[in-house]
Amino acid sequence: NAGVTQTPKFQVLKTGQSMTLQCAQDMNHEYMSWYRQDPGMGLRLIHYSVGAGITDQGEVPNGYNVSRSTTEDFPLRLLSAAPSQTSVYFCASTTWGAPLHFGNGTRLTVT
Amino acid sequence: ELKVEQNPLFLSMQEGKNYTIYCNYSTTSDRLYWYRQDPGKSLESLFVLLSNGAVKQEGRLMASLDTKARLSTLHITAAVHDLSATYFCAVVTGTASKLTFGTGTRLQVTL
């Protein structure tokens, strides 16, 4: 029972590069979301999805794109990496009334 | 805009003592979650509070929700070193995947 799987675990990018953070869940959850965690700021919502084909912006969406072509997958794309995007990224999934299940996180450094 | 405030931000307590962490939020919500995070790890769900007056207990931790006061508390009874971690409350706004997190309370239990 894998739960929420994120890859990669660590990534270093140069400013201006693009990349995709992968997220997959095997619990058939309809809701999925991406958060970033920065020291002293808790977790902030980047984008979320309420089902396949439906996505919406969260609190800090600028510089990120998402898509949800299947129930299982919810990749996060960084279009042109900036040092301000250095952070730990968590993907999560849930169903109504249940807590979010979080992946193990991706630690991203942009130099 | 929903704001979620936790206090204290840092708590150092001796083993065997009791203490309470407070979570205040600024707009109406009837769903609140508590999470625990160990350093360098993902978030682990502790409690799901789904209605006014909800009280949940697990071991030395007890959480409650007062939706009228927009307040949740996490009470620690007879703290032990293993409870040392950062604790987050998170309030649902809109869909189940859209949470607003507090900034976290770092708990340090000393011998």
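The chains referred to below are lettered A, B, ... by the order of the sequence lines, with proteins before strands, and numbering in each begins at 1. Remember, predicted model here, so these are calculated numbers, not experimental data.
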Chemist: Under 4.5 Å heavy-atom distance to chain A, tell me which part of Leu43(B) shows up: side chain, backbone, both or neither.
Modeler: both
Chemist: Relative to each other, are the rings of Phe102(A) and Tyr35(A) parallel, tilted or perpendicular (30° and 60° limits)?
Modeler: tilted
Chemist: Can you list every disulfide (SG to SG under 2.5 Å) pair that touches residues 50-84 of chain B, not counting sequence neighbours?
Modeler: none
Chemist: Give, as side chain, backbone, both or neither, the part of Gln6(B) having an atom under 4.5 angstrom from any heavy atom of chain A.
Modeler: neither
Chemist: Using non-hydrogen atoms and a 4.5 Å limit, figure out which bit of Ser49(A) sits close to chain B: side chain, backbone, both or neither.
Modeler: backbone
Chemist: Is the count of non-hydrogen atoms from other residues, nucleotides or ligands lying under 6.0 Å from Arg36(B) atom CZ greater than 12?
Modeler: yes
Chemist: Quick one: what part of Leu99(B) sits under 4.5 Å from any heavy atom of chain A, side chain, backbone, both or neither?
Modeler: both
Chemist: Could you look at Phe47(B) and say if it's the side chain, the backbone, both or neither that has a heavy atom under 4.5 Å from chain A?
Modeler: neither
Chemist: Tell me, out of Gly42(A), Ser33(A), Pro99(A), who's got the most heavy-atom pairs with chain B below 4.5 Å.
Modeler: Pro99(A)
Chemist: Are any non-hydrogen side-chain atoms of Ser12(B) and Thr110(B) less than 4.5 angstrom apart?
Modeler: yes
Chemist: With no hydrogens and no angle check, just 3.5 Å: does a side-chain donor-acceptor pair link Thr95(A) and Glu30(A)?
Modeler: yes
